[in-house]
Amino acid sequence: MRLTEDFFNRNAVTVARELLGKYLVRKIADKILSAKITEVEAYKGTEDLACHASKGLTPRTRVLFGPPGRTYVYLVYGMYHCLNFVAEKDGYPAGVLIRAVDIPGGSGPGRLCRLLDVAGEHNDLPVDNNFIWVEDRGGLVRSSQVTTTKRIGVEYAGVWADKPWRFVLSR
DNA sequence: GATAAGATCATCT
DNA sequence: GATGATCTTATCA
């Protein structure tokens, strides 16, 4: 079944952990693509220097402060997009970055968005949009399959860079 | 196999 | 004017 706002309206780290094993579904025209989520990272709060919201509420981060479950798509390094889902209650900035899904060549957030044709126009879509969403297909994820590590590419964030907020699903 | 550099632009200072 | 929640390609060993 499709995840609703309630799923995302919780601690961002919990949401990230539980997104593992769920299915990312992308609808392009009348074609449906779906893939199991295998790698995520949580970003939460204005104190988390690795989180975009640490800059405060700006036109760009406005989405993160909004209601949970919405999409947050942004451009990094001028050429790649990253796909996130907003977490926690309306007014609290947090999000979960989808780093990888279980499709050939789908590892890495940049490649993921290129393969699924996700770009800037998919930013700030509501939970019940008809383009991209997440489904729970009932598969159980054993804790022994989950690897927890620090987040990638955020060394500049000081102590926040060491937070174990990245979750990887192994086979 | 490993490391280095290049591409490229919205956002913030 | 500087800088990234990245990936690909080139060059070297």
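Here the structure is a predicted model, which is why all the values come from computation and not from measurement. Here is the naming used below: chain letters follow the sequence lines, and residue numbers restart at 1 for every chain. Just the heavy atoms: all of them, side chains too, but no hydrogens, waters or symmetry mates, feed the values below.
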* Aromatic stack Y74(A)/dA10(B): centroid gap under 5.5 Å, interplanar angle under 30° -> no

Taken to the nearest 0.5 Å, the spacing of L49(A) CG from W160(A) CH2 works out to 7.5 Å

Practice problem: Would you please indicate if the ring centroids of H52(A) and Y74(A) are separated by under 6.0 Å? | Solution: yes

Next on the checklist: Are F85(A) and F8(A), when compared by the centres of their aromatic rings, separated by less than 6.0 Å?
Outcome noted: yes

Pairing partner of dA5(C), by Watson-Crick or G-U wobble and under 3.5 Å for both distances, is none

Rounded to whole Å, the CE-C1' distance (M79(A) to dT9(C)) equals 12 Å

Base, sugar-phosphate or nothing for R151(A)? Non-hydrogen atoms, less than 4.0 Å.
nothing

Picking from dG4(C), dC12(B), dT6(C), the nucleotide nearest the side-chain atoms of C82(A) would be dT6(C)

Salt bridge or not for E41(A) and R99(A), using N-O below 4.0 Å?
yes

(Q) Is there a side-chain contact between T58(A) and the phosphate of dT11(B), meaning an N or O under 4.0 Å from OP1 or OP2? (A) no

Comparing nearest nucleotides in DNA chain C, the 5'-proximal residue of the pair L64(A), R114(A) is L64(A)

In Watson-Crick or G-U wobble terms, with both distances under 3.5 Å, the base opposite dT8(B) is none

When rounded to whole Å, the CZ to P distance for the pair F85(A) and dA5(C) reads 20 Å

Checking dC9(B), dC12(B), dC7(C) against the side chain of Y80(A) (C-beta onward), the nearest is dC7(C)

Atom OH of Y77(A) and atom P of dT8(B) are separated, to the nearest Å, by 16 Å

